[in-house]
A.B. asks: 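Pasting in a structure now, in structure tokens, and then I'll have a few things to ask.
Bear in mind that the values here come from a model prediction, so they are computed numbers and not experimental data.
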Amino acid sequence: MMHVRLANWRLAWQRQWQRHYTRRRLSDLDARLLDDVGISAARAEHEARKPFWRR
């Protein structure tokens, strides 16, 4: 039972870290790359400012 809780906690932590990392990388993209992925600069800025625990 304990190992299941630990595994669930680890997966949750990994998801939050990935969300944080991805949002921070959005702020590094220029307008051309944002256009390639279909995200406006304003939307990328908004996402990059969100805390990692928010979806």
A.B. asks: Among all residues two or more places apart in sequence or in another chain, which pass the side chain to side chain donor-acceptor pair (under 3.5 Å) test with E47?
C.D. replies: R23, R43, K50
A.B. asks: Would you please name every residue forming a salt bridge (Lys or Arg N to Asp or Glu O under 4.0 Å) with D28, sequence neighbours left out?
C.D. replies: R25
A.B. asks: Listing request: all ring pair (Phe, Tyr, Trp, His ring centres under 6.0 Å) pairs with a residue in residues 21-43, at least two apart in sequence or in separate chains.
C.D. replies: none
A.B. asks: So which atom in A44 and which in L34 form the shortest heavy-atom distance, rounded to 0.1 Å?
C.D. replies: CB-CD2, 3.8 Å
A.B. asks: Could you tell me how the ring of W17 sits relative to the ring of H20: parallel (under 30°), tilted (30 to 60°) or perpendicular (over 60°)?
C.D. replies: tilted
A.B. asks: With rounding to the nearest 0.5 Å, note down the distance linking CZ in R49 to CG in L26.
C.D. replies: 13.0 Å
A.B. asks: Let me confirm one number: the CG-CG distance from L6 to L11, rounded to the nearest 0.5 Å.
C.D. replies: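 Rounded to the nearest 0.5 Å, the CG-CG separation comes to 10.0 Å.
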A.B. asks: Suppose we screen for side chain to side chain contact (heavy atoms under 4.5 Å, CB included). Which residues come up paired with D36, at least two apart in sequence or across chains?
C.D. replies: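 D36 satisfies side chain to side chain contact (heavy atoms under 4.5 Å, CB included) with R32, L33 only.
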A.B. asks: Which residues satisfy the side chain to side chain contact (heavy atoms under 4.5 Å, CB included) test with R10, sequence neighbours excluded?
C.D. replies: Q14
A.B. asks: With sequence neighbours left out, write down each residue that passes salt bridge (Lys or Arg N to Asp or Glu O under 4.0 Å) with R54, or none if nothing qualifies.
C.D. replies: none
